[in-house]
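For reference, the structure discussed in these notes is given below.
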Amino acid sequence: MAALTREETEALIQEVLEIYPEQAKKDRAKHLAINDQSLEKSNKCITSNRKSLPGVMTIRGCAYAGSKGVVWGPIKDMIHISHGPVGCGQYSRAGRRNYYVGTTGVNTFGTMNFTSDFTEKDIVFGGDKKLAKIITEIEALFPLHKGISIQSECPIGLIGDDIEAVAKKGNKEIGKPVVPVRCEGFRGVSQSLGHHIANDAIRDWVLENRDGDDSFPTTPYDVAVIGDYNIGGDAWASRTLLEEMGLRVVAQWSGDGTIAEIEKTPKVKLNLIHCYRSMNYIARHMEEKYKIPWIEYNFFGPTKIAESLRRIASHFDETIQAGAERVIARYESEYQAVIDKYKPRLEGKRVMLYIGGLRPRHVIGAYEDLGMEVVGTGYEFGHNDDYDRTIKEMGNATLLYDDVTGYEFEEFVKKVQPDLVGSGVKEKYIFQKMGVPFRQMHSWDYSGPYHGYDGFAIFARDMDMTINNPCWKQVKAPWKTDANSEAVKVAA
Amino acid sequence: MPSVMLKKNPEGKLVFYVPKKDLEEVAESVEFDTAELWGGEVVLADGSKYYFEPITPPDFPITLRAKRVDSGED
Ligand code: SF4
């Protein structure tokens, strides 16, 4: 199918909106747009970061998910208590595949679920005593942990527990950081506010722990990787490139990260931001307080990697700049081989994305390196500044959809007929049953890493094995294929 | 009175960021921008205007409170 024109896309949006009642139609219309590269600002064409409509199937998460699941959860040597009923933590346990090294249950705790397991009694009488007891127990059972964070679930805010007081007492008792995080699920419109709350908690309770302490020897090449959650090993694949060009990665926020690394971050020279959405807040704070500049980079696909390596290097001296060139040259034959192998199999294929924080715009380059085209993209919880950064990445007249509803997404896919859909696990089986090749782009469908040159090879292989999988031809019943149904009609 | 985070971009222009509104915009002009005095009316690239109490030039990046003068197009 050829690319849609502006008018066709407009008609498609109108057609999809048709089913809604008047009010909902008006509201949803603001969230669907046709990309126009001539625009500088996204607020001219799309509205984002608004409350989802009651009654539609939204794909968003809650503030607790943004704080516990995204920002805090991957800090491996801390214990994160899911404070409240058992479900929130248990159903999200280990689902994000933030890889880490360490011995789980001894000095790292990433895939474990700690919860205060609220019951009726705790809601009625309050859970502060229980929380204090948990802190004591954790210290006894897991003495090698480096700190505790208290991740509030919905009821905590509703019953008015004073977790800050418990945290302060706990901190005195065990002599390690105890951080209360007010990330109750109902706060804000999506997980995005949870990221912000989590950033603020790091700012208020952890970041300044080593202010005035200069015992950590620094170098002029110290950087921190911010907003890489090491999904399937992403941060490792990125880190090797940075180290190879001569930089010293002091901290990983927060995939495979430790609290010590976070405390040392104010000593670095430059903050490198991968996921802008979830961690720009802390970068801006460090910029103001510690005068550490930050830049965004993108390690998906060789074109963007080379661009990013050069941009990062431009903040340092010639040794690093030469280092960047050396790295790009060193991997050239490797990624060229990947492109030579997969491009012929993937050329011209069209992709629709609907993902979270950075990927709706960051992965576009990687697809383009393989000769593919992204014809629709959208964010679950993006803000205006995310769409500002997306407009230039996307082709003209392509679809943008913010907080897309289950219904809209299905209809768009039916009409646009992409060769691949990349979205979350909730969408996966719907599209697979529709016979559309699908990749789960949150945790890389149990694959990864996708960052860096190493990741690109895996990315290309995964896209190929999904799109060119023979199974898609088997999804339709033989008597329902077009040719046959024609034949049936003729016979009848 | 929004809190505005101000910084200089690599081109030396003032970048204006209002966290609450995800507004990130380059300032086109600043009324007072000398060695002694900084502030006054700031016009952003999108046409909106803000007012800062004139102060001795601060050390960017910094968060300051601003008054909205007019909202540009909308
Ligand atoms: S919305 Fe509330 S109850 Fe639901 S997962 Fe989030 S914190 Fe738990």
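None of the values given here were measured: they were computed from a predicted structure.
Contacts between A/K291 and chain B at a heavy-atom distance below 4.5 Å involve the side chain alone, from C-beta outward. For a residue to count as touching a neighbouring chain, one of its non-hydrogen atoms must lie under 4.5 Å from one of that chain's; by this rule B/F60 touches chain A with the backbone only.
For B/E28, the CD atom sits in a packed shell: over 12 heavy atoms of surrounding residues, nucleotides or ligands are nearer than 6.0 Å. By the 6.0 Å contact criterion, NZ on A/K25 is enclosed, its count of non-hydrogen atoms from other residues, nucleotides or ligands being greater than 12. Atom NZ of A/K26 is surrounded by 12 or fewer heavy atoms from other residues, nucleotides or ligands within 6.0 Å.
When the candidates B/P10, B/A45, B/P61 are compared by the number of heavy-atom contacts under 4.5 Å with chain A, B/P61 comes out ahead. Heavy-atom pairs under 4.5 Å with chain B were tallied for A/N280, A/D388, A/D386, A/D385; the largest tally goes to A/D385.
Interatomic distance, B/I62 CD1 to A/E287 CD, rounded to the nearest 0.5 Å: 12.0 Å. Taking CG of B/D46 as the start and NZ of A/K44 as the end, the distance is 6.5 Å to the nearest 0.5 Å.
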Evaluate the side-chain contact (heavy atoms from CB on, under 4.5 Å) criterion for residues A/E288 and B/K7: first the C-alpha distance (whole Å), next the side-chain angles of each, then the deciding distance (0.1 Å), finally the verdict. CA-CA 8 Å; A/E288 188 173 345; B/K7 70 167 182 178; over 6 Å; no
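With salt bridges taken as basic N to acidic carboxylate O contacts below 4.0 Å, none links B/E24 and A/K41.
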